[in-house]
K.L.:
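Right, I'll just put the structure down here and ask away after.
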Amino acid sequence: MTRPVFGRGLRPLAITTALATAAAGALVFFYAPIEADQGFSQKIFYIHVPMAIVALLGFVAAGVMGIRHLRSRDRSWDLRSYVAIHLSIILGVGVLVTGSIWAKASWGHWWRWEEPVLVSFLIVFLLYCVYFPLRFSIEDPDRQARYSSVFAITAGAFVPLNFVAVRLAEQVLHPRVFSQTGGDLPGEMFLTLLVSLVAMALLFVTLWKLELSAKHAAQQLKRLRARLELQAERRAEERVSVGSPS
Amino acid sequence: MTRAAAAILCKDLRIELRTRESVPAMALFALTVYILLHFGLDRDTLDGDLASGVLWVTLLLATVLAVNRLFANEREDGALDGLLLAPVDRTAVYLAKAAALFLYLVLLELVAVPAFALLLLAPGLGGALPELLAVLLVADLGLAAIGALVAALAAETRVRELVVPLFLLPLLVPVIIAGASATEPLLAAPQEADGLGGWLAFLALYDTVFVLVSLAVFDFLLDD
């Protein structure tokens with residue numbers, strides 16, 4: 001059985017990620033203009049929005065990996081799906097915190113129910129938080145992988161539906177137009193957002209591969225250790241049977 | 001497959017008829033929530049957004065109760081293995097469980113909605129019953145589809161009691177958004193079906209997505 005090597009290409013990827021992140025940072029602070037209305041605090045937008053987009057794509061991708069696991073019965077796809085959800089949850093904390101800070105800076109409140117993206121994100125975040133207790137309450141590894149994949153697929157299908165629902169509700173309750181990301185941004189801001197988004201996506205993939213290879217190595221180590229112990233036991237048994245007089 | 005599903009459904013309904021475990025508990029729970037909300041909100045009568053919100057939150061919480069019990073008999077007596085030994089499609093189990101949950105929800109609403117009108121609804125607002133019924137039935141379909149899947153997912157885990165509400169309720173947020181928004185104008189003073197069609201269409205989309213997803217993945221939950 002050929003084991004997938006998750007760490008392949010990690011070094012060039014990590015270097016690219018570092019360069020892209022540095023470029024994004026430079027663009028955010030030295031190139032993108034200061035927003036007239038919100039001032040300097042609007043710069044958090046270049047972290048908040050890419051994090052939100054990448055986290056949501058991570059959740060949906062985890063669902064697709066779940067489908068691949070159920071189709072191929074290859075448990076490495078479940079591991080991929082699990083790590084993607086794990087990282088997206090971590091990014092999700094960042095999205096909620098930066099979103100809250102941004103809301104405080106520009107509207108004076110830590111939380112705004114009128115902001116559909118933030119509200120939908122909270123719902124999705126709460127939903128995915130259940131993944132971990134569910135996953136780790138199932139001992140049988142095969143069943144754990146299957147149930148986790150079913151969760152990832154169901155929740156992945158829920159993510160876009162939830163966004164539609166929350167947006168519809170906001171339109172009915174608060175009929176006002178928000179300028180959406182990328183819609184009417186000036187060119188410099190849009191370019192900065194784009195580079196930040198690429199940097200965030202690269203960071204996600206790098207961390208994903210890193211965690212995958214670490215988890216894979218830990219599994220290998222566990223397997224080897226078990227084999228070693230088995231051999232040691234066998235050797236001890238042989239010694240006993242050879243040494244005993246009869 | 002329909003015959004197998006019908007047989008499993010009959011079995012579930014017969015058990016429910018004899019033990020009376022799920023539906024009466026759901027109805028009593030709904031009444032209790034009304035009392036809690038009456039004192040919690042300190043209001044004798046409700047209308048408009050508050051009325052539709054109270055009604056929907058109560059129904060969704062009662063749904064959690066039924067979902068928790070949906071696989072209880074199979075789990076406690078190890079009957080699921082027997083069911084799986086029978087040469088029937090696993091989808092039949094899903095269809096039967098979803099249909100049972102749907103019937104439980106309809107029965108619950110037969111009690112909980114009139115009780116709501118009697119206990120909490122402002123007088124003179126009972127006229128929009130047909131529209132309300134349509135919204136409830138379309139929503140029940142989605143609740144049953146997703147509820148049966150969550151019930152099966154949680155049944156085999158150690159943290160069942162936690163997984164069911166924590167997984168189910170976020171998944172039902174779109175239902176309460178659509179349901180409560182569609183019901184709100186029906187329970188407000190000038191009764192009108194404002195935006196009803198759009199919300200019904202959204203609920204139908206939700207139902208379709210989760211029926212399809214559940215049918216696709218359910219087999220893998222019972223696969224050993």
Side-chain angles (χ1 to χ4, degrees), chain A residues 59 63 66-73 78 113 116 119-175, chain B residues 49 94 142 145-150 152-182 184-185 194-196 198-199 201-203 205-224:
Chain A
F59 285 136
I67 295 175
R68 292 202 65 164
H69 164 245
L70 291 184
R71 291 200 138 191
S72 66
R73 303 267 160 169
D78 169 61
W113 287 105
V119 174
S120 330
F121 207 92
L122 180 65
I123 300 166
V124 168
F125 177 78
L126 287 175
L127 178 70
Y128 275 95
C129 283
V130 194
Y131 180 83
F132 301 96
L134 178 81
R135 184 180 178 92
F136 295 115
S137 75
I138 305 172
E139 273 116 27
D140 177 45
D142 205 46
R143 172 177 280 175
Q144 181 190 59
R146 270 187 291 114
Y147 277 48
S148 303
S149 293
V150 168
F151 183 109
I153 294 166
T154 313
F158 170 78
V159 168
L161 258 183
N162 177 54
F163 266 76
V164 173
V166 174
R167 174 131 313 161
L168 283 175
E170 292 314 316
Q171 272 172 10
V172 172
L173 295 177
H174 316 278
Chain B
D49 50 358
Y94 173 73
I146 202 73
L149 183 71
V150 171
L153 191 72
E156 297 294 327
T157 62
R158 271 188 286 116
V159 287
R160 199 177 312 121
E161 305 78 9
L162 301 180
V163 166
V164 168
L166 287 180
F167 187 30
L168 187 64
L169 289 176
L171 283 176
L172 297 183
V173 168
V175 176
I176 201 172
I177 289 175
S181 306
E184 185 195 327
D194 190 20
L196 185 65
W199 291 117
F202 176 77
L203 279 174
L205 173 73
Y206 180 91
D207 295 356
T208 316
V209 169
F210 279 112
V211 167
L212 291 179
V213 168
S214 307
L215 285 176
V217 298
F218 187 80
D219 284 16
F220 296 98
L221 292 179
L222 301 180
D223 198 19
D224 38 15

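Reminder, nothing fancy here: chain letters follow the sequence lines and each chain counts from 1.
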K.L.:
At a heavy-atom distance under 4.5 Å, which candidate from Val173(B), Leu153(B), Leu166(B), Asp49(B) has the highest pair count against chain A?
P.N.:
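Top count of heavy-atom pairs under 4.5 Å with chain A: Leu153(B).
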K.L.:
Minimum heavy-atom separation for Ala165(A) and Phe202(B), please, with both atom names.
P.N.:
CB-CZ, 3.4 Å
K.L.:
Can you say whether Phe210(B) sits under 4.5 Å from chain A via the side chain, the backbone, both, or neither, judging by heavy atoms?
P.N.:
side chain
K.L.:
Between CZ of Phe220(B) and CZ of Arg71(A), what distance do you get to the nearest 0.5 Å?
P.N.:
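Reported to 0.5 Å precision, the distance equals 8.5 Å.
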K.L.:
Of the backbone (N, CA, C, O) and the side chain (C-beta and beyond), which part of Arg135(A) lies under 4.5 Å from a heavy atom of chain B, both, or neither?
P.N.:
neither
K.L.:
If I measure from the heavy atoms of chain A, does Leu212(B) come under 4.5 Å with its side chain, its backbone, both, or neither?
P.N.:
neither
K.L.:
Rounded to the nearest 0.5 Å, what's the gap from CZ on Arg146(A) to CG on Asp219(B)? Could you check?
P.N.:
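These two atoms lie 11.0 Å from each other.
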K.L.:
Quick one: of Leu171(B), Leu169(B), Val159(B), who has the most non-hydrogen atom pairs under 4.5 Å with chain A?
P.N.:
Leu171(B)
K.L.:
Looking at chain B, which one of Val150(A), Val166(A), Asn162(A) has the largest number of heavy-atom pairs inside 4.5 Å, strictly under?
P.N.:
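Among Val150(A), Val166(A), Asn162(A), the one with the most close pairs to chain B is Val150(A).
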K.L.:
What class does the angle between the rings of Phe167(B) and Phe151(A) fall in, given that below 30° is parallel, 30 to 60° is tilted and above 60° is perpendicular?
P.N.:
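Phe167(B) and Phe151(A): parallel rings.
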K.L.:
Using non-hydrogen atoms only, which part of Phe136(A) is less than 4.5 Å away from chain B: side chain, backbone, both, or neither?
P.N.:
backbone
K.L.:
Got Leu161(A) and Leu205(B) here, is their nearest side-chain heavy-atom distance under 4.5 Å?
P.N.:
yes
K.L.:
Quick check on Gln144(A) against chain B: is it the side chain, the backbone, both or neither that has a heavy atom closer than 4.5 Å?
P.N.:
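No part of it gets close to chain B.
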K.L.:
Measure the CZ-OG1 distance between Phe218(B) and Thr154(A) for me, rounded to the nearest 0.5 Å.
P.N.:
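Between Phe218(B) CZ and Thr154(A) OG1, I get 11.5 Å after rounding to 0.5 Å.
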K.L.:
Quick one: which of Ile138(A), Ile67(A), Leu134(A), Ile153(A) has the most heavy-atom pairs under 4.5 Å with chain B, could you say?
P.N.:
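Going by pairs under 4.5 Å, I would pick Leu134(A).
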K.L.:
Non-hydrogen atoms of chain A under 4.5 Å away: do they reach the side chain of Ala216(B), the backbone, both or neither?
P.N.:
neither
K.L.:
Side chain, backbone, both or neither: which part of Leu149(B) has a heavy atom under 4.5 Å from chain A?
P.N.:
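Only the side chain of Leu149(B) comes within 4.5 Å of chain A.
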K.L.:
State, with a plain yes or no, whether a side-chain heavy atom of Phe158(A) is found less than 4.5 Å away from one of Val213(B).
P.N.:
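No, side chains not in contact.
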